[in-house]
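One-based numbering, in listed order, for ligands and for the atoms of each.
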Amino acid sequence: RPRAVTIGEGLAVLVAQPGPLEESETFDRSAGGAEANVATVLTQLAVEAGWISRVGDDGFGRYLTGHLRARGVDVSAVVTDPTRPTAMYVKERGGGSGRATDLAARDSRMLYYRTGSAASALSTADLAAAAGLLDRCALVHCTGITTALSESATELTEALIALPRRGRLVSFDLNFRPALWAGRAEQAAEILARHVRGSDVVFLGADEAGTVFGTEDADELRALFPEPGQLVVKNNEHSVTGFSGPDRVEVPALSLDVTERIGAGDAFAGGYLAALLHGRPLEQRLRFGHLCAAAALTGTGDVAELPAPERLAALAACSGTDWT
Ligand code: KDG
């Protein structure tokens, strides 16, 4: 089995009932954190995945590591910091109650409670401590969320892209979260562009790329970023365009009834990366990414729970992908 590692913050997620937050009396607890989500997709797809992170010595931290361990993710490199809390966020959801809300029925809003969290203290020391795990893997994945957590986390991700590759690929998902850049907003575009240029596999949402880099157009983004061997530009429900060396492939999105969107990008990245690590061609990687994203789009949590392998293979066959 191929091996991969992801690096980032995990969050306990409290999913509100649909409608204005002030009317939600109960919350469903679940798990989130873009890089952790990718790790759980990878382990469901016959990739051995580890997660490098920090959590607090609290119930949410134990819940998150337990959640990942139960899905086969190697959490041996996760550090417990007794001086800082585990991060959490509240997911406010649109629609449902029929009362006034500024969110559309399928949309939601993330309310972060993560300032000073355990994972915001991630630093280059964590990279050094996890050297054994990194040395054994074919791919390491992080996102613009990891980079945005703090200055020490930016140093970590910068060090990661500067490390000698030794055959390992670095994957980076832009995941632009403006709230996390408060206080460093004017540096965000420059820092993120450096990460895009320094990575081997890059995922950009067209809308976030428009905000950060000034264009949503896939070909213009490729012209701006010719460096990564693989660049994937996702245009939400419309299509995804993948560039791999000289190849350019565009695949339409699946048409489906969306329950809730958060986590779909992570599921896409996990599906694409698993297909890449299993040696699938570009078009199949893109189609498989969409299929995994569909699993996240049809539930209210951030984590994609994929069907069992034989059902997944049958679904993949429906979209022209061989997953056996
Ligand atoms: O991509 C989904 C993530 O955004 C979610 O799980 C929470 O990692 C998260 C973040 O920082 O927004």
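Ligand 1 is surrounded by Leu11, Gly32, Gly33, Ala34, Asn37, Tyr89, Met110, Tyr112, Arg114, Ile145, Arg177, Ile262, Gly263, Asp266, Asp302, each with at least one heavy atom closer than 4.0 Å.
Within 6.0 Å of the CG atom in Asp257, the count of heavy atoms belonging to other residues, nucleotides or ligands does not exceed 12.
Note on residues 175-186: no pairs pass salt bridge (charged side-chain N to carboxylate O under 4.0 Å, His left out), not counting sequence neighbours.
Atom CD1 of Ile52 is separated from atom CG of Leu127 by 6.5 Å, given to the nearest 0.5 angstrom. Note: Thr6 OG1 to Leu42 CG = 7.5 Å, rounded to the nearest 0.5 Å.
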Take Ser108 and Glu260, measure what side-chain hydrogen bond (donor to acceptor under 3.5 Å, both in side chains) needs, and give me the verdict at the end. CA-CA 7 Å; Ser108 43; Glu260 203 277 325; 2.3 Å; yes
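Looking at Gln284, His290, Glu283 one by one, the single match for side chain to side chain donor-acceptor pair (under 3.5 Å) with Arg287 turns out to be Glu283.
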